[in-house]
Structure formats: C-alpha cells, structure tokens
Enquirer: 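Can you read through this structure? Questions will come right after.
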Amino acid sequence: MAGGPVRLISAGRLEFLAADAATGERLGRVGLGPRGDGTAEIGYWVDPRARGRGVATDAVRAACRWAFATQGLELIEWRAEVGNVGSRRVAERAGFLIEGTLRKRLRRHRGVRVDAWVGSLLKEEMP
Ligand SMILES: CC(C)(COP(=O)(O)OP(=O)(O)OC[C@H]1O[C@@H](n2cnc3c(N)ncnc32)[C@H](O)[C@@H]1OP(=O)(O)O)[C@@H](O)C(=O)NCCC(=O)NCCS
C-alpha cells in the first residue's frame, strides 16, 4: 500500500469506492442514502487491512463535501450502533456533531433492535 491520499470512485448515484490515490488500490466504501427532504444518511466501511490510517475520515469528508456541493443537501446524518467507537470517532473527525442516543433505532441480525448514536453535519459546518 503506497499510503497516498484517498480518491473517490463513483459506484452508483451516491455510492463511492475509496481508493489509494497513488496505487488505485480499493480501500473501502462510502455511501449516502437520500431521504428526499434535503437530508441523507451516511454509511462507510474500510477494508480491515487499510484501517487506522485516516481512510474513512478522508473518504467521509470528500463524500460530504461533494454531496453538499452537488446534491442540494442541507444536512447529512450519521447513525451507528451504540459502542461503535471507531465509527463515532470518524464522524467526529469529519465534523459531525454527536447529538445523542436513539433507543432501539437500528435493526441488527435476526431483527434484533439496538440503540443508536446519532449525529449530523450541516452544510455550513463543512470543514
Ligand atoms: C469504523 C471504520 C470505518 C474506521 O475506518 P478507519 O479508516 O480505520 O478510520 P480512520 O483511520 O479515519 O480513523 C479516524 C479516527 O477514528 C479512530 N478509530 C478508528 N477505528 C477505531 C476503533 N475501532 N476504536 C477506536 N477508535 C477508532 C482512529 O484512531 C482515529 O482517531 P484519531 O483521529 O483520534 O486518531 C472501520 O473500522 C470499519 O469499516 N468498521 C466496520 C464498519 C463500520 O463500523 N462502519 C461504520 C458504520 S456507519
């Protein structure tokens, strides 16, 4: 892995692959789920071999900047299961304000409902 900056490759209307800008190696994914009301929910995943070197933070920042600039969004929401500290840290590093805990708001395997942390990034807060 060359460790260059992250480049986003379109993989759908609001879906991207995160690739190493120097080598093209696929490092992860980031996607936005639009709700049709000027808001969208973000999700991301990084290959275990590429974790811990800022890939998710870079990819989330780039995707949010692009989405605010081109998709008419006013707010991007982040949700993750309570305890997913890595996801929360990425959201915070990308500028999201953690707003609280939503009870039983996520569905996990076999339909089990779990509590979720929720946060948001406003267009005017885009770093
Ligand atoms: C969460 C995930 C996306 C992080 O990806 P990453 O590229 O390793 O994250 P970054 O390198 O950008 O890390 C950003 C910050 O988060 C911290 N962090 C990352 N993973 C962490 C973990 N498991 N526990 C604690 N902190 C973590 C880093 O130390 C860094 O913090 P710092 O700026 O204070 O040093 C990755 O572990 C993953 O894909 N997990 C499984 C899927 C998932 O949970 N997705 C999120 C659901 S929305």
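Atoms within each ligand, like the ligands themselves, are counted from 1 in listed order.
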Enquirer: Answer yes when Glu15 and Arg13 have at least one side-chain N-carboxylate O distance shorter than 4.0 Å, and no when they do not.
Expert: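 No salt bridge links Glu15 with Arg13.
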
Enquirer: Enumerate the protein residues lying less than 4.0 Å from ligand 1, judged by heavy-atom distances, in chain and residue-number order.
Expert: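 The 4.0 Å shell around ligand 1 contains Tyr44, Trp45, Val46, Arg51, Gly52, Arg53, Gly54, Val55, Ala56, Thr57, Arg79, Asn84, Val85, Gly86, Ser87, Arg89, Val90, Arg93.
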
Enquirer: With no hydrogens and no angle check, is any side-chain donor or acceptor of Tyr44 less than 3.5 Å from a backbone partner on Thr57?
Expert: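 No; zero donor-acceptor contacts below 3.5 Å.
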
Enquirer: Give a yes or no on whether the backbone of Gly28 and the side-chain of Asp47 come within a donor-acceptor separation of less than 3.5 Å.
Expert: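 No.
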
Enquirer: If you draw the axis of the six-membered ring of Trp117, does the NZ or CZ of Arg88 fall within 45° of it and under 6.0 Å from the ring centre?
Expert: yes

Enquirer: Just how far is it from atom CZ of Arg103 to atom CZ of Arg113, taken to the nearest 0.5 Å?
Expert: 12.5 Å

Enquirer: Does the distance from a Lys or Arg side-chain N to an Asp or Glu carboxylate O, for Arg35 and Asp37, drop under 4.0 Å?
Expert: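 Looking at Arg35 and Asp37, the cut-off is not met.
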
